[in-house]
Enquirer: 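Attaching a single structure in structure tokens format; questions to follow.
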Number of protein chains: 2
Amino acid sequence: MSDELNAIGYPKLVVKTPVPSDIDISQQIVKEVGLLPIAEVGKQLGLTDEEVIPWGIAKAKVTLSAREARKDVPNGNYVVVTGINPTPLGEGKSTTTIGLAQALGAVLGKKTVACIRQPSQGPTFGIKGGAAGGGYSQVVPMEEFNLHLTGDIHAITAANNLLAAAIDTRMFHEASQSDEALFRRLCPAGKPLSPVLKRRFDKLGIDISSRSLEELTVEEKGRFARLDFDKDTITWNRVLDTCDRHLRQVEIGVGPAEKVKPRENPSQSIQHNRSAGFDITVASEVMAVLALARDLKDLREKLGAMVVGYSKAGEPITADDLGCGGALTVLMKDAIMPTLMQTVERTPVLVHAGPFANIATGNSSVVADEIALKLVGPDGFCVTEAGFGADIGMEKFFNIKCRYSGLKPKAAVIVATIRALKMHGGGPPVTAGKPLQKEYTEENVELLAKGCANLQKHIENAKKFGVNVVVGVNKFKTDTDAEIQVVKKAAMDAGAFDAVLSNHWALGGEGAADLAKAVEKACQANDESNFKFLYDLNLSIKEKMEIISKEIYGADGVDYSDLANKQIEQYEKSGFGRFPICVAKTQYSFSCDPAAKGVPTGHRITVREIRSCAGAGFVYPICGDIMTIPGLPTRPGFMDVDIDTETGDVIGLF
Amino acid sequence: MSDELNAIGYPKLVVKTPVPSDIDISQQIVKEVGLLPIAEVGKQLGLTDEEVIPWGIAKAKVTLSAREARKDVPNGNYVVVTGINPTPLGEGKSTTTIGLAQALGAVLGKKTVACIRQPSQGPTFGIKGGAAGGGYSQVVPMEEFNLHLTGDIHAITAANNLLAAAIDTRMFHEASQSDEALFRRLCPAGKPLSPVLKRRFDKLGIDISSRSLEELTVEEKGRFARLDFDKDTITWNRVLDTCDRHLRQVEIGVGPAEKVKPRENPSQSIQHNRSAGFDITVASEVMAVLALARDLKDLREKLGAMVVGYSKAGEPITADDLGCGGALTVLMKDAIMPTLMQTVERTPVLVHAGPFANIATGNSSVVADEIALKLVGPDGFCVTEAGFGADIGMEKFFNIKCRYSGLKPKAAVIVATIRALKMHGGGPPVTAGKPLQKEYTEENVELLAKGCANLQKHIENAKKFGVNVVVGVNKFKTDTDAEIQVVKKAAMDAGAFDAVLSNHWALGGEGAADLAKAVEKACQANDESNFKFLYDLNLSIKEKMEIISKEIYGADGVDYSDLANKQIEQYEKSGFGRFPICVAKTQYSFSCDPAAKGVPTGHRITVREIRSCAGAGFVYPICGDIMTIPGLPTRPGFMDVDIDTETGDVIGLF
């Protein structure tokens, strides 16, 4: 441990060379330096004991009242971290987000909160590993971050699957009961009507204020009690936070007692449609709702409004129609509070929500960012991360997340690595487990210069929203000075505010000090009033899709399948046409072809189908194959994981 | 709030008449009286700040080091609460457990911990409702108790399903890869061997200490890498903590990419065996393991030893063979710590584990009881509850739980109600929603006297284990003095140490003061050295089953299906014959017929099949239909549940 103190009064980070594994760094910090008690992390931000609820080992939840209590405090500087189109070489967005926050906080002494997503536990045991950042820019303890956290994803699993059970149960009971019997059971005589059942009467326009339930007409009772699912239209899957490919499609209810036979699920597969399916939990709409809900009331409304399918008459059926919206909210009442943790340099981190970046927004929660911006105040920084490349994560951050929150970002950091840019310039494909080709390990200015086009297009895109752009070049040891200059020049040519080399992985906050200074200047120079969305919500779904495709993806236009056309028609009719668009597309390219690196031109976007998240509040056109529950390889990551039963130390997590 | 203080220095409980709903009482206590900060609850027991990890709203985990630190403290008085065979009228074991602990603690001033099970969340939204106790004998806040708690059940879901995914993934990859390819992927060159893979080499007796992996023979590599599942033998189900009947049997992997087709699962149904299934999470063997594990090391060994199926050569395949035991333990590393909460009278409660009472032990954890007994010390009390009637929950408490823990109970409290005894005496069946027949609401000494035979048989059974028995008559307002005398006399005639009326539901601890005094005396009068098990583990499975059936159930003998005979043979061969027996049988009768009330005689026990929990350490003969995932009714409990979005109050939970 260093005797010297950092800018916030804690012992300066001491780094080792070579950089140890992530879990070794995390455990070394915990044992040798020690963690700050989580309440103390809150106190850095002025949080009171009542506003911080300790929740397990080195974690706490921050109450939403912390935001209300500071509603008159001007917001801090809002910075989004995004990246070029990902490559198998890795770019380091999470690590940069944490490193930048460490630099702003522990080096520059600015109140700073990093806002990041909770990782799905499934991939932690599969191929991907954890997501706490990396090297000396990570959230600690990394095993506490990567596993369970404070149970939000588990709560989503519970909520999602309660709703799924409610759907099949309802179909099961409707199949065997008369309208009258259903009504009598749903509204038993003498039992006061519960709030969620009142909502359904209100929705149907059945006046029960002046009549007793017995006085309702047979037709009214039937309308209330029979949801009358068209089972071909049910889109609600079950979920598990496990990589389990054999659950992608399942036939449910094959036991002898389940008289209502499996429901069709056209959204899973056209070929095999007599089945239901499972997604990984983070792909649930409940997760998308958590990421966008403003408060408990908004959460209640959004969860209740989730559409799970349509009636035979073509009416959308919601969670509230199933009597489930209240219970779902109760299951999610703690999950709405972000989790407070700390970096290796004891700066605060809010971890909250982790929606898929294709079928959802890929951004952490509105609530966490709002709390962070109030806590850091006008001179401080909220550094928040957007998933995938800037064509997806950043576009959705601006057009969806900021639209719902009303928050105005001041700067976008676009992360790139020289190795990844070389791949965009036409470098050879890489194979896991094989040594990297020399194009990536030796200087190659030409390949790099070509690949910078990808970065430049993302810079231009970000500027369309009216924010300053800082390029963060995430340093690898093979990078040469000449190469670094090429990237910097390309970035500045494309209109970046600055482009800075950053070595936070090896050095922690000190390694990102230059990046932090550039970000600070970019925020100071930015005029928030320039911030604008790319499209107006009042445009049609197709008009909005056209704008994103042309402006962001550089496509010539958009093509729709017959199914997509039919769905768009239905959605516009159901009032979902007013939602923002959340494109589900490959993250590896601006186009729909993952192999098309750099900046493809002359391409068209093909919408195979389009789905709605009426609760979360967006529609998502599906352009290409989207996998919503991963599988496990022959040798999954879990084979490395074990526990030292003497010390309790986790080993092998990565 | 009362100005008077109770025996532990807090304001005396003030009760309302009529007794409000459970959630109203819970919220009234929280708002009007206030909860004790959870660290203060720990301090009542001398727990240090390091031994209590706050974990959410009014909850904390107690570290296992709290037990180690007090290993020289003599244990407290160990009291198990059990009951007559349950009836639809309810007996109130949980409520009595909490009420008795409140009486011992807040009224008599004895250090007392109530140890109870964590309820499954599924039934909370279905028919059953919560399980925090009831009336003025409950754990508060009841919504925090009933929902999520500290995530243990969610951790079990995650662990169970990781193992399930590992099974199907392995079969999938084994189907398409040569032994050599499998081995190369499982043990990639240059990667150090992980602990769990080392275990498999050890188990197979393949010496790798003096040879490099490349030097292994083709045969050795194949033995290591190919588990070679006989898919007809896989018994490992997936789980969810949701009542979802349509998951009882599912066909998995029906998507076009899953080349290995659904596995058979003979344990689910003979008729439909080309399927897999889901159980509710609390039915998972992982839960059974949690309830019986002694410490982290034992947890690691038990989880790794869980058998998921057999190879084509008939060898059991374990979680460790799949490389999964370490990861499962890491997922369960927090779950091994019990959760500390408080009663309405601020006395401490440890909530931990909640295994099914039929296919598992139906008792809370060994760890929680051990910690409690050390914390209360020799003058204090650990009151722990056993599920179902005494023929199941108590028998398993003694023969399985106490055998694994080595703990010696001093007294058994058998809970009965006059109404339920009348049903055992031949009272008419009751129907939910219809008014109770007059047999139950008016004095009927004759019916009651006949029904007392059920209570008497349980008393005699308990005494076979060498403990003193106190009967707790859980008071209902319709009970008459004459009736109460009948029960007391019957109890004493059967050898009870005492029989006491208890009114804790309406009055809290004060209502159970007489019961508490009787329990205290029973413990003082008990000679621990009299405690004995009913059978020796070295007997064969059939011999042990015979003893339980004759001694506890009063049966004439046991019959086995061909399947059961075959399974017993296999288990004895696999070394599982040495395990204690955990009978899965109806809780409603001593016999296998749920309708046979009172004390049936001349009956035989029929074992349809027998399964093993080789990790948890028992075999369970299945006698009758066992349902391992409930369904939802037409009007599930979730329809009442909602949230007041202004106050955050949960409403409608019961």
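The chains referred to below are lettered A, B, ... by the order of the sequence lines, with proteins before strands, and numbering in each begins at 1. This one's a predicted model, so the numbers in the text were calculated from it and none came from an experiment.
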Enquirer: Please flag which part of B:L147 lies under 4.5 Å from any non-hydrogen atom of chain A: side chain, backbone, both or neither.
Expert: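 For B:L147, the side chain is the part near chain A, not the backbone.
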
Enquirer: Using every non-hydrogen atom in the two residues, find where A:D644 and B:L296 come nearest and quote the distance to one decimal.
Expert: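 Of all heavy-atom pairs spanning A:D644 and B:L296, the closest is O-CD2, 4.4 Å.
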
Enquirer: Can you tell me how the ring of B:F278 sits relative to the ring of A:F278, calling it parallel under 30°, perpendicular over 60° and tilted otherwise?
Expert: parallel

Enquirer: Run the numbers on B:T157 and A:H154 for side-chain contact (heavy atoms from CB on, under 4.5 Å), then give the verdict.
Expert: CA-CA 9 Å; B:T157 304; A:H154 295 322; over 6 Å; no

Enquirer: Is chain A contacted by the side chain of B:L186, its backbone, both, or neither, given a heavy-atom distance below 4.5 Å?
Expert: both

Enquirer: Quick check on B:E144 against chain A: is it the side chain, the backbone, both or neither that has a heavy atom closer than 4.5 Å?
Expert: side chain

Enquirer: What part of B:R185 is in contact with chain A, defined as an atom under 4.5 angstrom from a non-hydrogen atom: side chain, backbone, both or neither?
Expert: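 Looking at B:R185, backbone and side chain both touch chain A.
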
Enquirer: Evaluate whether atom NZ of B:K297 has more than 12 neighbouring non-hydrogen atoms of other residues, nucleotides or ligands under 6.0 angstrom away.
Expert: no

Enquirer: Please classify the contact between B:I57 and chain A as side chain, backbone, both or neither, with a heavy-atom cut-off of under 4.5 Å.
Expert: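 Looking at B:I57, backbone and side chain both touch chain A.
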
Enquirer: Please check if the side chain of A:T329 supplies one atom and the backbone of B:I643 the other of a donor-acceptor pair under 3.5 Å.
Expert: no

Enquirer: Using non-hydrogen atoms and a 4.5 Å limit, figure out which bit of B:K191 sits close to chain A: side chain, backbone, both or neither.
Expert: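 The side chain, not the backbone.
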
Enquirer: Against chain A, label B:I53 side chain, backbone, both or neither, depending on which of its atoms sit under 4.5 Å from a heavy atom there.
Expert: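 When you check distances to chain A, only side chain atoms of B:I53 fall under 4.5 Å.
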
Enquirer: Side chain of B:H148, backbone of A:L331: donor and acceptor closer than 3.5 Å?
Expert: yes

Enquirer: So which part of B:D241 gets closer than 4.5 Å to some heavy atom of chain A, the side chain, the backbone, both or neither?
Expert: neither

Enquirer: Which pair of non-hydrogen atoms, one from A:H246 and one from B:D168, has the smallest distance, and what is that distance?
Expert: CE1-O, 3.3 Å

Enquirer: Checking B:T242 against chain A: side chain, backbone, both or neither under 4.5 Å from a heavy atom?
Expert: side chain

Enquirer: Which answer fits B:K61, side chain, backbone, both or neither, if we ask what part of it has an atom under 4.5 Å from a heavy atom of chain A?
Expert: neither

Enquirer: Given heavy-atom pairs under 4.5 angstrom as the criterion, report whether the side chain, backbone, both or neither of A:V52 touches chain B.
Expert: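 Answer is neither: A:V52 stays 4.5 Å or more from chain B.
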
Enquirer: Below 4.5 Å from any heavy atom of chain B, which atoms of A:F638 appear? Answer side chain, backbone, both or neither.
Expert: both

